[in-house]
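To find a chain, count down the sequence lines: A is the first, B the second, and so on, and within it residues start at 1.
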There are 2 protein chains.
Amino acid sequence: MQSPRDITELAERARALTGRTLREVASAFAEQHTGSRVHRKGKLGQLVEQVLGASAGSRQVPDFPALGVELKTIPLDAQGRPRESTFVASFSLADAESACWERSAVRHKLAHVLWIPVHVDEPEPRFGAPLFWRPTHAQEQVLRGDFDDIMGMVAIGHVEELTAHLGRWLQARPKAAHGRVRTVAYGAEGPQLALPRGFYLRARVTSALLRDPATLAFSE
Amino acid sequence: MQSPRDITELAERARALTGRTLREVASAFAEQHTGSRVHRKGKLGQLVEQVLGASAGSRQVPDFPALGVELKTIPLDAQGRPRESTFVASFSLADAESACWERSAVRHKLAHVLWIPVHVDEPEPRFGAPLFWRPTHAQEQVLRGDFDDIMGMVAIGHVEELTAHLGRWLQARPKAAHGRVRTVAYGAEGPQLALPRGFYLRARVTSALLRDPATLAFSE
DNA sequence: TAGGATCCAGCTTTGGATCCTT
DNA sequence: AAGGATCCAAAGCTGGATCCTA
């Protein structure tokens with residue numbers, strides 16, 4: 001599928017998925033694109049990328065580079081809620097000191113997100129209604145605060161206090177590539193070993209966001 | 001046992017328990033006080049009250065009225081941490097509007113606490129080191145903030161949003177006396193049924209407090 | 001019955017581990 | 001190996017229920 005030319009076209013493609021089953025969408029797509037290099041049904045994310053025409057390059061750029069939009073498929077359980085937190089970006093403990101929110105991958109990835117919910121617990125998994133999200137100014141302050149808290153903890157060398165509890169909307173969790181890649185951070189007590197980490201959006205937050213993006217408030 | 005005359009005497013009695021088993025303490029106490037109205041070994045709290053000479057009256061006053069000290073025995077698990085949140089005081093939804101921190105039972109009960117930890121998961125349960133705690137000014141601000149948040153929620157009639165999630169150190173939890181006593185609160189939508197509630201200190205907080213009272217900071 | 005403490009089923013969260021594609 | 005998504009056991013938390021003594 002070609003890249004959408006503008007947000008409107010992307011929105012139309014996304015809306016067209018609502019209520020349809022993965023199976024339907026996958027087979028319809030396969031029929032129309034028999035010539036192209038179609039990966040078999042593959043993983044959910046890949047299917048959605050292809051159907052919506054996201055660029056499948058390596059990601060230092062958004063999924064829709066021309067539009068500046070990041071694509072996130074998000075699995076929902078039987079009650080319509082995300083089961084898991086959502087990965088945003090990984091970070092290295094080493095460059096915590098030089099990190100700043102404005103230039104962070106987290107801010108860029110979350111600046112404009114197209115959420116594609118998928119009800120995966122139904123007998124025949126089905127797409128939900130898509131949502132474009134741009135954090136409001138107030139929402140961005142919460143994200144920035146979490147980012148600063150987390151990076152600040154690392155920067156002063158308190159890696160052992162960096163738990164997934166920290167952060168209201170964003171949390172830092174282990175991102176265990178092979179379970180043995182370790183990053184060295186230089187803290188007050190010298191070099192420390194630590195697992196690589198990633199920023200994640202709490203499930204509670206994405207749940208509230210999908211339910212009612214307008215009222216996602218500080219109380220979450 | 002007579003009431004301690006001053007804090008020093010109370011502290012000495014409390015320190016004398018450290019490391020001793022409940023059994024030892026209970027039988028030693030029984031021997032010395034055969035004449036007095038001794039309740040059988042009874043519950044842990046009662047034993048400690050008797051051994052330390054707390055007044056056993058009904059409690060609108062502190063356990064040591066002359067000293068203004070509240071006594072709290074706190075069970076610790078095998079890792080030395082409290083398993084449960086600690087009950088502080090109950091409250092009625094009806095008088096939330098007129099409630100204020102300064103006159104609250106919560107503030108008075110927590111103004112000066114003598115914590116007596118008991119390692120209950122060991123084969124022979126044993127007393128830990130006692131701790132006198134007076135909240136610092138900063139700590140009291142956290143408690144006050146939680147109190148205001150909780151009471152505020154009730155005062156505006158949002159009883160259904162009053163969950164145990166609210167509050168950093170204090171939380172409101174059901175205090176189900178017989179499971180059917182219900183309190184009526186008058187909110188925006190008229191009278192509402194609700195379980196009676198109590199203020200509790202989160203286990204995370206008492207845990208940090210007992211481990212290192214000086215560094216119990218805002219991050220908890 | 002009130003104050004207070006303890007118990008506990010079920011749910012949620014954490015802290016990784018595993019898996020996949022590029 | 002990097003980027004990303006999903007899986008899962010253990011631990012922690014919530015929302016009561018139960019129990020105890022005065």
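Atom CZ of Phe91(A) is separated from atom CZ of Phe199(A) by 4.5 Å, given to the nearest 0.5 angstrom.
Remark: Glu24(A) pairs with Arg20(A) by the salt bridge (charged side-chain N to carboxylate O under 4.0 Å, His left out) rule, at least two apart or across chains.
The distance between atom CG of Leu47(B) and atom P of dT6(C), rounded to the nearest whole Å, is 13 Å. The CD-P distance, from Glu84(A) to dT13(C), rounds to 11 Å in whole Å. A straight line from CZ of Arg83(B) to C1' of dA5(C) spans 12 Å, rounded to a whole angstrom. We find that CZ of Arg173(A) is positioned 16 Å from P of dG4(D), with the value rounded to whole Å. Residue Asp77(B) contributes atom CG, which lies 17 Å from atom C1' of dA5(C) at whole-angstrom precision. The nearest whole Å value for the distance from the NZ atom in Lys109(A) to the C1' atom in dA5(D) is 13 Å. Taking atom CD on Glu70(A) and atom C1' on dG3(D), their separation rounds to 11 Å, with Å as the unit. Separating the CG atom of Leu71(A) from the P atom of dG3(D) is a distance of 18 Å, rounded to the nearest angstrom.
The side chain of Arg81(B) contributes an N or O atom lying less than 4.0 Å from OP1 or OP2 of dG12(D). A close approach under 4.0 Å does not occur between any side-chain nitrogen or oxygen of His165(A) and OP1 or OP2 of dT13(C). Phosphate proximity of dT14(C) to Arg202(A): present, with a side-chain N or O under 4.0 Å from OP1 or OP2. OP1 or OP2 of dG15(D) has not a single side-chain nitrogen or oxygen of Arg197(B) nearer than 4.0 Å. The shortest distance between the side-chain N/O atoms of Lys72(A) and the OP1/OP2 oxygens of dA5(D) is below 4.0 Å.
Residue contacts for Thr163(B): at a heavy-atom cut-off of 4.0 Å it reaches the sugar-phosphate backbone alone, with no base atom in range.
Counting distance only, with no hydrogens placed and no angle test, the side-chain atoms of Lys175(B) and the base atoms of dG4(C) include a donor-acceptor pair under 3.5 Å. Counting distance only, with no hydrogens placed and no angle test, the side-chain atoms of Gln171(B) and the base atoms of dC13(D) include no donor-acceptor pair under 3.5 Å. For dC20(C), its base never sits under 3.5 Å from the side chain of Gln46(A) at any donor and acceptor pair.
Remark: Glu124(A) engages Arg23(A) in a salt bridge, criterion side-chain N to carboxylate O under 4.0 Å. We find that Arg83(A) and Asp121(A) are joined by a salt bridge, their nearest charged nitrogen and carboxylate oxygen being less than 4.0 Å apart.
Of the candidate nucleotides dG15(D), dT13(C), dG15(C), dG15(C) has the atom nearest to the side chain of Pro174(A). For Phe87(B), taking side-chain heavy atoms from C-beta onward, the closest of the listed nucleotides dG4(C), dG15(D), dC7(C) is dG4(C).
Place Tyr200(B) and Ser90(B) on DNA chain C by their nearest nucleotides, and Ser90(B) ends up nearer the 5' end.
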Table please: side-chain donor-acceptor pairs of residues 71-80 of chain A below 3.5 Å, with sequence neighbours left out.
unit_1   : atom_1 : unit_2   : atom_2 : d
Lys72(A) : NZ     : Phe87(A) : O      : 2.8
Asp77(A) : OD1    : Gln79(A) : N      : 2.8
Asp77(A) : OD1    : Gly80(A) : N      : 3.1
Asp77(A) : OD1    : Arg81(A) : N      : 3.0

